[in-house]
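Report on the structure given below.
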Amino acid sequence: GDSVTQTEGLVTLTKGLPVMLNCTYQTTYSPFLFWYVQHLNEAPKLLLKSSTDNKRTEHQGFYATLHKSSSSFHLQKSSVQLSDSALYFCALSDLYNQGKLIFGQGTKLSIKP
Amino acid sequence: EAAVTQSPRNKVAVTGGKVTLSCNQTNNHNNMYWYRQDTGHGLRLIHYSYGAGSTEKGDIPDGYKASRPSQENFSLILELATPSQTSVYFCASGDRDYAEQFFGPGTRLTVL
């Protein structure tokens, strides 16, 4: 069945450094990938989404490129800020799932001054 | 902007009691979802619905029922609450296949 893997449970970085959070997926169907961000005691909110192969999508300084050849949708930012500290979820949808999202386990990003 | 509200925001229940969590959306979305979030497990799908009158089992439906009486409302029902159901519950709505889901603020449920 479909699945999403986020390999890092916790990433700790100093402010101003670049970050990449890994996301790989598995599906038989044409995928639609999402990144959600959840700040402490808040609801998850959409950060990025894409279904177009090899096209970079950007929002709020974060960016990701869907690579169907490697089944990946890694989240990147060139310079993290303290306010980026949050839980980040990668999620997958496809025609088979009819609107349901398959979530990864999440990566907690902690930014130090 | 999409609006999903949940009530109550916090709930303390006793073991064996009945708990109803309510969700309302004003987006006219067809799809609605109930998730629970526990540390180390991310977001897990309990029940979902494709429209009024329909409910479907998600990945962890045991111990939960759902009700979708209208396009706007989707309830999660714990007939006999247990301490293992202590968690944060999120409702979400979405429009079509592939579309993003909009999440409510969450309900923190504690079962003693």
Side-chain angles (χ1 to χ4, degrees), chain A residues 1-10 21-23 25 27 29-53 57 59 64 66 73 86-110, chain B residues 1-7 9-10 21 23-25 27 29-51 54-61 66 68 74 87-108:
Chain A
D2 291 1
S3 65
V4 174
T5 301
Q6 294 180 247
T7 52
E8 309 99 353
L10 171 66
L21 305 183
N22 291 313
C23 174
Y25 64 89
T27 181
Y29 303 90
S30 185
F32 206 109
L33 272 296
F34 303 80
W35 275 102
Y36 281 81
V37 57
Q38 184 180 23
H39 288 95
L40 189 63
N41 296 324
E42 295 185 6
K45 294 180 183 176
L46 182 70
L47 183 58
L48 294 171
K49 62 182 179 182
S50 179
S51 62
T52 305
D53 199 11
T57 181
H59 185 61
L66 176 60
F73 190 58
L87 191 55
Y88 292 82
F89 290 102
C90 184
L92 164 72
S93 184
D94 57 45
L95 187 61
Y96 177 78
N97 282 313
Q98 298 180 320
K100 289 192 299 178
L101 288 174
I102 309 299
F103 283 92
Q105 293 285 71
T107 297
K108 183 177 180 179
L109 179 62
S110 178
Chain B
E1 184 173 321
V4 180
T5 56
Q6 294 181 229
S7 63
R9 295 293 313 279
N10 291 280
L21 307 183
C23 178
N24 177 275
Q25 55 107 353
N27 316 309
H29 287 159
N30 288 327
N31 296 2
M32 295 186 75
Y33 309 84
W34 276 107
Y35 296 89
R36 65 177 283 176
Q37 184 174 31
D38 306 286
T39 304
H41 287 280
L43 290 159
R44 294 185 288 175
L45 183 64
I46 306 170
H47 283 288
Y48 60 102
S49 169
Y50 291 128
S54 99
T55 60
E56 306 288 339
K57 293 181 179 179
D59 300 320
I60 53 163
R68 181 87 182 270
F74 189 38
S87 187
V88 179
Y89 292 85
F90 286 100
C91 176
S93 74
D95 194 7
R96 294 174 61 85
D97 297 347
Y98 302 105
E100 68 179 282
Q101 292 182 15
F102 297 88
F103 285 81
T107 295
R108 186 173 297 275

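On a predicted model such as this, the values are computed, not experimentally measured, just so you know. Convention: sequence-line order gives letters A, B, ...; per-chain numbering from 1.
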For this session: Please round to the nearest 0.5 Å and tell me the distance separating atom CZ of B:Phe103 and atom OH of A:Tyr36.
Result: 5.5 Å
Exercise. Top residue by heavy-atom pair count (under 4.5 Å) with chain B, among A:Gln38, A:Glu42, A:Lys45?
Worked result: A:Gln38
For this session: Can you tell which part of A:Leu92 gets under 4.5 Å to a heavy atom of chain B, answering side chain, backbone, both or neither?
Result: neither
For this session: Sequence neighbours left out, what passes side chain to side chain contact (heavy atoms under 4.5 Å, CB included) with B:Ala66? Give chain and number order.
Result: B:His47, B:Thr55, B:Phe74
For this session: Using a 4.5 Å cut-off on heavy atoms from C-beta on, say whether the side chain of B:Thr39 contacts that of A:Lys108.
Result: no
For this session: Against chain A, label B:Gln37 side chain, backbone, both or neither, depending on which of its atoms sit under 4.5 Å from a heavy atom there.
Result: side chain
Exercise. Side chain, backbone, both or neither: which part of B:Arg44 has an atom under 4.5 Å from a heavy atom of chain A?
Worked result: neither
Exercise. So which of A:Gly106, A:Pro44, A:Gly104 has the biggest tally of heavy-atom pairs under 4.5 Å with chain B?
Worked result: A:Pro44
For this session: Over all heavy atoms of both residues, which pair between B:Pro105 and A:Ala43 is shortest? Give the atoms and the distance, please.
Result: CA-CB, 4.2 Å
Exercise. Taking atom CD1 of A:Ile102 and atom CG of B:Leu45, what is their separation to the nearest 0.5 Å?
Worked result: 8.0 Å
Problem set entry | Segment of B:Leu43 engaging chain A (4.5 angstrom heavy-atom cut-off) | both
